[in-house]
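Working notes for the structure below.
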Amino acid sequence: MKIQTKAVHAGDRKKTGAYVPATTPIYSAASYFYDSMEQLDRVFAREEPGYCYARYDNPTNAALEELVAALEGGHGALACGSGMAAIHMALLAALADGRKAILAANALYGATVGLLMNVMEPSGVEVRFADVCDLDEFRQALEESKPGVVLLETISNPLLRVAPLDRLASLARECGAAVIVDNTFATPLLVRPMELGANLVVHSATKYLAGHGDVLGGLVVSDSGHYAGLRTLSRAIGPVLGPFESYLTMRGIKTMPLRMERQCANACRVASWLAANPAIERVYFPADPAHPDAAEILRLLPPGLYGAIVSFELKGAARDEVFRFMNALQMIVRSTSLGDVHSMMLYPVMSSHRDISPRHRERMGIRDNLVRLSVGIEAVEDIIEDLEQALSFQPRP
Ligand SMILES: Cc1ncc(COP(=O)(O)O)c(C=O)c1O
């Protein structure tokens, strides 16, 4: 063979033989080669296991999907290029029965509200919001809007409300609506929404699942009823995660329970410290006995595992004081994400909930003095010390 041909073919398409890599490698191949056309035909027809084309599936993604479906107790999963792509795919799969109405929690991640208002509604889907911590309001909204889908978050972003997922799911099912739960904040270590009646669970894998701030990804976990439809939609739309990100996510998940336990314990300590600090007006944290959903938290979250996000309001602070406080942080990273090994802080009004109208934000209870801290795995004393020095920081005149 000539060098041009060797450059293209040498070393490739080796049979894997009798050995099995101990962890799943990155399969970056876009397509797959078989001994015969007959065999490829059987793989296309799903009469024989195998892979044809990376938009359909890929061994690295398949391993991650199997892992996350096992953690959440689902029938199968789909790895997507972002959490938002995962939410969009879940909505499309759940609306496939033709009922063009969504009933959503009124406290949701800002971009999810954007997806509902700017993508779903203009495409002819009726969108309605309800306070899902109020069962009567939810019941009434269900009866009036007869939705095909109910969309919830396990622990809401950023005010950390915990709705009675099991009761909401059973009411939704009575009226024939599919239930989608965004389990990003809780992770399956704390709550497995499918055990509580959800049909589809979504994750921004960017957060606790991958956990190191180096992946943008999402997952949809599905029950058996929606799985085939989800995969058909995915083949048509092509929102799939790249194999490198899939590999990193799988690698991250191996330590997710360990990281999460540590982060939850650190968050409990940080929340108690903040609650006792006179510069803080209010702390939002699920371990607070005065939390408005304390009864649900006791019922749904395992003791000691209340999540690792602490939101709090700085007393009397306007945007400038919030900026001054956040600029003074030395170790806690000012950045727009959550769930990484390092602690990080975000200003919801400026980032996660920026595109929501001030009126809607007000209704959601997100005030201009609210910040959201994602507590990392560092020594908790160092996290508290950084908060303390930033709270007492006075700029030089
Ligand atoms: C609860 C929640 N769901 C979904 C998303 C969207 O995920 P991604 O940024 O991976 O698209 C986020 C992102 O912050 C989130 O916090």
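Just follow the structure's listing: the first ligand is 1, and inside any ligand the first atom is 1. Position 1 is the first residue of the sequence; numbering continues from there.
- Distances below 4.0 Å separate heavy atoms of Asn157 from the following atoms of ligand 1: 16 (O).
- Every N/O-N/O distance between Phe185 and ligand 1 stays at or above 3.5 Å.
- Proximity of Leu216 to ligand 1, defined as any heavy-atom pair under 4.0 Å, is confined to the side chain (atoms from C-beta onward).
- Scanning Thr154, Leu338, Leu346, Thr206 for the heavy atom closest to atom 10 (O) of ligand 1 points to Thr206.
- The number of heavy atoms from other shown groups lying within 6.0 Å of CD (Glu66) does not exceed 12.
- Put simply, the side chain of Tyr247 does not reach to within 4.5 Å of the side chain of Ser28, judged on heavy atoms.
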* Taking it one step at a time, do Glu362 and Arg359 satisfy salt bridge (Lys or Arg N to Asp or Glu O under 4.0 Å)? -> CA-CA 5 Å; Glu362 178 84 28; Arg359 242 184 72 223; over 6 Å; no
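- When every heavy atom of Gln330 is checked against every heavy atom of Gln389, the shortest pair comes out as CG-NE2, 3.2 Å.
- No part of Thr112 comes within 4.0 Å of ligand 1, judged by heavy-atom distances.
- Close approach to Ile87 involves these atoms of ligand 1, each under 4.0 Å from a residue heavy atom: 4 (C).
- Residue Leu219 comes nearest to Ala79 through the heavy atom pair CD2-CA, 3.9 Å, listed as atom of the first residue, atom of the second, then distance.
- Annotation for ligand 1: atoms under 4.0 Å from non-hydrogen atoms of Gly217 are 10 (O).
- Protein heavy atom nearest atom 3 (N) of ligand 1, with residue, atom name and distance: Asp182 OD2, 2.6 Å.
- Using a 4.0 Å cut-off between a side-chain N of Lys or Arg and a carboxylate O of Asp or Glu, Glu296 and Arg167 qualify as a salt bridge.
- Under the 4.0 angstrom criterion for non-hydrogen atoms, Lys207 is in contact with ligand 1.
- No option in Arg235, Arg46, Arg231 other than Arg46 meets the salt bridge (charged side-chain N to carboxylate O under 4.0 Å, His left out) test with Asp57.
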